[in-house]
Structures are given as structure tokens and as C-alpha cells.
Asks: 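To start, I am sharing the structure in question, which I have written as C-alpha cells.
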Amino acid sequence: MSLLDIPAVKDLAAYCRDVAQRAKRASAALATVLGEVKIAWLLRSAELLRASSERLAEANQLDLDAAPGYGLTDAAIDRLRLTPERIESIAAALEEVAALRDPIGAVIDSTVRPNGLRIDKVRAPLGVVFFIYESRPNVTADAAAICVKAGNAVILRGGKEAIHSSQAIVDLLAQAAQETGLPEDAVQLVSTTDREAVGHFLSMNDFIDVAIPRGGEGLIRRVAAEATMPVIKHFDGNCHVYLDASADPEFAERITLNSKTHRYGVCNAAESLLVHADAAERLLPRVAKALTDAGVEVRGDERVRKLVPTAKPASEQDFGAEYLGPIISAAVVDSLEAAIDHINRYGSHHTDAIVTTDLASAQRFTAAVDSAAVVVNASTRFNDGGEFGLGAEIGISTDKFHARGPCGVDELTTYKYVVTGTGQIRG
């Protein structure tokens, strides 16, 4: 029997409201759950995932069988597939989250006022997270783990292409919750694939505290436009590598190549290359050859094409494009300031890197470039929760409120002020 045959969705509005209400009740209970209970839930969930490989494989096969009907590419089908190795990886990721320090109750800052009042700034859960994401079963477990670790209930709305796999995973997480004393509605999967469900949830700011979309730009813009609660998001990832006048040629080649070709279809891959005019003749032919040899098409401005005859002409649209494939735009700039202006104009405020041996240039770049992560002499690909030591992330934000950059457990919290006195009154 298909998991899509769910009687509750006959009244979609009532179904969505019920899910949101239960999540709100669970979040209130989670706020006072001890860290030991969350750890026990995560470890038990990992055990159940390992012990249920056959059950997960059966559910996953239903999704794989349906995948061609959804028009999925071979690469998308491969991302959907659950192998024993991938199930082990999901379980291990839950154990990694369990090992993270519990942020809830942590004192961010503390002061004692002249009148003796102690003012503590303390981390607290956001409440209920509505997470909308692409069709990858591992994301179901990862998002549930990081949200609950941060003391939040989560409503998961995955892609229809992975509905059976995701439901099987959430069923195991619910079993672990029952066994360890975690609120059972702390993790809920939206079981209907009806797209109108998203709109219902986005209207429920009385129950849902934050929405986090992870997927294509169209989905994210829809969520940002319709949500009645705050949204943590990024729209695209037009990331830059800027080769400064003093850039070391080996660094320039290695960093540009890794930033662009390590993985094409990710938000922190470089899509644009800028080169200082004083170093263009020295650096561009070498770096462009390395890119071309790796199968990357270079689209350059007039000055780039003079030095790189194989480069194709770049349009205005190219400089703002997120290719997510083997294409990179390139331009020669007259100064560090011109590079900064170009990045702030065309970039997506995601990840931008400078290659330089000049400390003053590095400091100016990091201060002036308005991006969530600014990198000096390293690949843009390092803008990642795991690489930053956060342990796990639910996504990368280019917003300035409330979180920016990789969103780990700390970014899924807010804070409250706890004021402790000894009978003080205000005169």
C-alpha cells in the first residue's frame, strides 16, 4: 500500500492545522527536555536505522520505481537511492549531532549591574521549524536531528519523489522518541504531496516560528513571498574568486580550480573569476588553461579574451549567473576596489574569496565584501557547516536576520534574558 493513501488529507486545511498544533505542543515540551533525552533519542534513532536496512530499502524502492515518472535525471535518481553505505552514513550523522554540545540554556553573556541584578543572556529554542527541502532521504534525518538538538519541533515537507523513504525514516525516529521519552510530535513529516499544503503551513504564524526552504530558487522565492513567519534562506550562489595583484600563481590555480570544479551543483561553488589587471597576464592564461583542461567553459570580458583566446564572450547576465555546471564568467578589474564593487553588484552575498599575499588587501576585502562568508587564500567550498566545525547544518543563509552563513544548532536558537535579583525594585 502506498504511503500516499492517507485519509487525513481529505480536508487539507484541517490536516495542516492539526500537524502545526501538535508541533506547537511538542515544542513547548521540548523546551524543558534534558539534553540527555535528546542524546538518547539520537543514538536510538541511529540504532534503529542500522537495524532497519531492509525496511528502508523496501520503502526506497517504491520511490525509485516512481522516479522515471517524475522526470528525474540519472543523477537525481542516484541522490534518491538508499544503499547500506548511505544508511550507515545517515546513522553516523545522527551520532555526530548527538555528540555536539547542547546549546539550550547556554549563557551567551552575563553581567552584574551596580544594583546587584545579574543579567544572563541565555540560548532558547526558536520553537517550531517548517522545513521544505529537496528529494534526498538523508536530509530528512539530518534536519530532524539538528532541529531537535536545538530544542525545536520540526515539520518536514520533503519532495514527493522521496515520500516513501522519508516516511520510513520518520517512523523510525518516532519509534525512538516513544522509547526515549522525547515528545512524539517533535518530528512530523507532511504526508501529503499536495503542493497547496505548503501555502497552508506558511499562513500559520500562530503555530510556526520560522520557515526554512532548501531547494530551487523558485521554491525559495515562493516561500519568502508567502510566509507569514520569518524565513531563513538563500536564493542562489553566485560565488567569486578574486585574484589580487600579488596572488601566488600556484595558489591562484589551485584555489580557483577547487572552488569551481570540486562539485558543480552546489551553492558554494565559484561561478565568477575576477583578476587584477596588474596580474592578468601572469595569472589568467595559467588559470584559464587549468579550468579548460577540467572541462570548464570560460566566458570572459574583452580583456579576458585577449589573454585567453578560447574564452567565449561574456554577457551582462553571465556576471550574475549561477551556472551550477561547468561554466565560469571571468573579468579583468583595474583595482581591488573595482573587484569589491563587482562582487557586491553581481554576487549573491553567499561566499567570495580573495587570493593575495598582501595583508592590507585581504583586510580591505573581508571588511568591504558584503557576503555571508569571505575567504582569504582558500576555496569557496569551505563555506559549509561541517567544514566550519558546526557538526551539521540545515542550510546556508545569506540573510542578515536572524542567522547568516551555515546554520547549525546555535543558529536554530534565539535567546532570552534571565534576570536574577535579591529583592531589588525600581525607584
Side-chain angles (χ1 to χ4, degrees), residues 70-73 75-76 79-80 129-136 138-140 142-143 156-162 190 193-199 201-203 210-241 259-260 262-272 296-297 299 314-329 342-352 369-373 380-381 383-385 393-407 411:
Y70 294 130
L72 295 188
T73 63
R79 288 195 294 271
L80 184 62
V129 176
F130 178 44
F131 183 53
I132 314 110
Y133 58 103
E134 70 273 21
S135 300
R136 292 174 61 184
N138 66 297
V139 177
T140 298
D142 290 348
L156 299 165
R157 174 58 162 86
K160 64 182 181 296
E161 300 86 353
V190 179
T193 59
D194 191 330
R195 293 186 66 184
E196 290 187 18
V198 172
F201 284 113
L202 293 176
S203 72
V210 64
I212 305 177
R214 179 166 151 180
E217 185 177 350
L219 166 69
I220 296 170
R221 291 199 179 278
R222 178 199 171 186
V223 172
E226 294 184 21
T228 56
M229 66 287 295
V231 180
I232 298 175
K233 66 189 183 302
H234 77 268
F235 291 120
D236 54 19
N238 178 19
C239 304
H240 293 74
V241 175
S259 296
K260 180 61 199 173
H262 184 253
R263 280 184 66 191
Y264 290 122
V266 291
C267 59
N268 58 11
E271 306 286 20
S272 299
V296 177
E297 176 186 305
R299 296 182 183 177
S315 67
E316 182 79 5
Q317 288 72 31
D318 281 313
F319 293 122
E322 182 185 31
Y323 298 110
L324 298 175
I327 304 171
I328 192 168
S329 69
H342 183 106
I343 291 169
N344 287 339
R345 176 182 176 186
Y346 293 105
S348 54
H349 311 290
H350 194 293
T351 312
D352 298 291
V369 169
D370 181 21
S371 294
T380 60
R381 290 283 290 120
N383 188 4
D384 172 85
E393 68 174 45
I394 201 165
I396 294 177
S397 170
T398 55
D399 290 337
K400 297 185 180 181
F401 301 102
H402 110 104
R404 202 174 198 204
C407 294
E411 287 70 34

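Note that the coordinates shown come from a computational prediction; the quantities given were computed from them, not determined experimentally.
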Asks: Under the 3.5 angstrom rule, does the side chain of H402 hit a backbone N or O of E411 as a donor-acceptor pair?
Replies: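 Yes, because the side chain of H402 sits within donor-acceptor range (under 3.5 Å) of the backbone of E411.
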Asks: List the residues meeting side-chain hydrogen bond (donor to acceptor under 3.5 Å, both in side chains) with H349, not counting sequence neighbours, and say none if there are none.
Replies: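 Scan of H349 (side-chain hydrogen bond (donor to acceptor under 3.5 Å, both in side chains), adjacent residues dropped) gives none.
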Asks: Could you tell me whether E316 and R299 make a salt bridge, using a distance below 4.0 angstrom between a side-chain N and a carboxylate O?
Replies: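 Salt bridge absent between E316 and R299.
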Asks: Rounded to the nearest 0.5 Å, what's the gap from CG on L156 to OH on Y133? Could you check?
Replies: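 One finds 4.5 Å between CG of L156 and OH of Y133.
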Asks: Any side-chain heavy-atom pair from V369 and N344 closer than 4.5 angstrom?
Replies: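 A side-chain contact exists here, since the closest heavy-atom pair is under 4.5 Å.
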Asks: Give the ring-plane orientation class for F130 versus F201, where under 30° counts as parallel, over 60° as perpendicular and anything between as tilted.
Replies: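 Ring orientation, 0 to 90° scale: tilted.
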Asks: Any side-chain donor paired with an acceptor under 3.5 Å for T351 and N383?
Replies: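 Looking only at side-chain atoms, N383 and T351 do form a donor-acceptor pair, the distance falling under 3.5 Å.
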Asks: How far apart are the C-alpha atoms of V223 and I132, what are their side-chain angles, what is the distance that settles it, and do they pass the side-chain contact (heavy atoms from CB on, under 4.5 Å) test?
Replies: CA-CA 9 Å; V223 172; I132 314 110; 4.0 Å; yes
Asks: Report the relative orientation of the aromatic rings in Y346 and H342; use parallel for angles under 30°, tilted for 30 to 60°, perpendicular for over 60°.
Replies: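 The arrangement is tilted - the two ring planes meet at 30° to 60°.
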Asks: Taking NZ, NE, NH1 and NH2 as the nitrogens, is one of them in D370 or R404 under 4.0 Å from a carboxylate oxygen of the other?
Replies: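 The answer is yes: the pair qualifies as a salt bridge.
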Asks: Within this structure, what is the NZ-OH distance for the pair K260 and Y323, rounded to the nearest 0.5 Å?
Replies: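 Here the rounded value is 8.0 Å.
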Asks: Are any side-chain N or O atoms of S397 and backbone N or O atoms of A403, one a donor and one an acceptor, separated by less than 3.5 Å?
Replies: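 Indeed, once roles are kept as given, a pair shorter than 3.5 Å links the two residues.
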Asks: With a 3.5 Å distance limit and no angle check, can you tell me whether T228 reaches the backbone of L202 through a side-chain donor-acceptor pair?
Replies: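 Yes, the answer is positive, given that a donor and an acceptor are paired below the 3.5 Å cut-off.
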Asks: Is there a side-chain contact between N268 and H350 in this structure, where contact means two heavy atoms from C-beta onward sitting under 4.5 Å apart?
Replies: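 N268 reaches H350 side chain to side chain.
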Asks: Would you check if the side chain of R157 reaches a backbone N or O of T193 as a donor-acceptor pair within less than 3.5 Å?
Replies: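 Side chain of R157 to backbone of T193: a pair is present.
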Asks: Any donor-acceptor pair under 3.5 Å linking the side chain of E271 with the backbone of L324?
Replies: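 Yes, E271 side chain to L324 backbone: donor-acceptor pair under 3.5 Å.
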Asks: Under the salt bridge (charged side-chain N to carboxylate O under 4.0 Å, His left out) rule, collect the residues that match up with D399, sequence neighbours excluded.
Replies: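 For D399, the residues satisfying salt bridge (charged side-chain N to carboxylate O under 4.0 Å, His left out) (neighbours in sequence not counted) are K233.
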Asks: Go through it in stages, so that I can follow the logic: the residues are E393 and D142, the test is side-chain contact (heavy atoms from CB on, under 4.5 Å), and I'd like the CA-CA distance, side-chain angles, deciding distance and then a yes or no.
Replies: CA-CA 8 Å; E393 68 174 45; D142 290 348; over 6 Å; no
Asks: Centre of F235's six-membered ring, under 6.0 Å away, within 45 degrees of the axis: is that where NZ or CZ of R221 sits?
Replies: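 Yes, R221 sits over the ring of F235.
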Asks: Determine, step by step, whether N238 and S348 satisfy the side chain to side chain donor-acceptor pair (under 3.5 Å) criterion, reporting the C-alpha distance in whole Å, the side-chain angles of both residues, the deciding distance to 0.1 Å, and the verdict.
Replies: CA-CA 5 Å; N238 178 19; S348 54; 5.9 Å; no
Asks: Is the backbone N or O of S315 less than 3.5 Å from a side-chain atom of D318, with the two atoms forming a donor-acceptor pair by type?
Replies: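 Indeed, once roles are kept as given, a pair shorter than 3.5 Å links the two residues.
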Asks: Just so I know, are the side chains of L80 and R136 near enough to count as touching, which here means a heavy-atom distance under 4.5 Å?
Replies: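 They are not in contact (no side-chain heavy atoms under 4.5 Å apart), so the answer is no.
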Asks: Quick one: CD1 on I212 to SG on C407, what's the gap to the nearest 0.5 Å?
Replies: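 Output value for this atom pair is 6.5 Å.
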Asks: Keeping E322 on the side-chain end and G237 on the backbone end, is there a donor-acceptor pair under 3.5 Å?
Replies: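 Checking the backbone N and O of G237 against the side chain of E322, a donor-acceptor pair under 3.5 Å is found.
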Asks: Flag the pair V241 / T380 as yes when at least one side-chain heavy-atom distance between them is below 4.5 Å, and no otherwise.
Replies: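 With C-beta onward as the side chain, the pair touches.
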Asks: In the structure I gave you, are the side-chain heavy atoms of C267 and D236 within less than 4.5 Å of one another anywhere?
Replies: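 Sidechains of D236 and C267: no contact.
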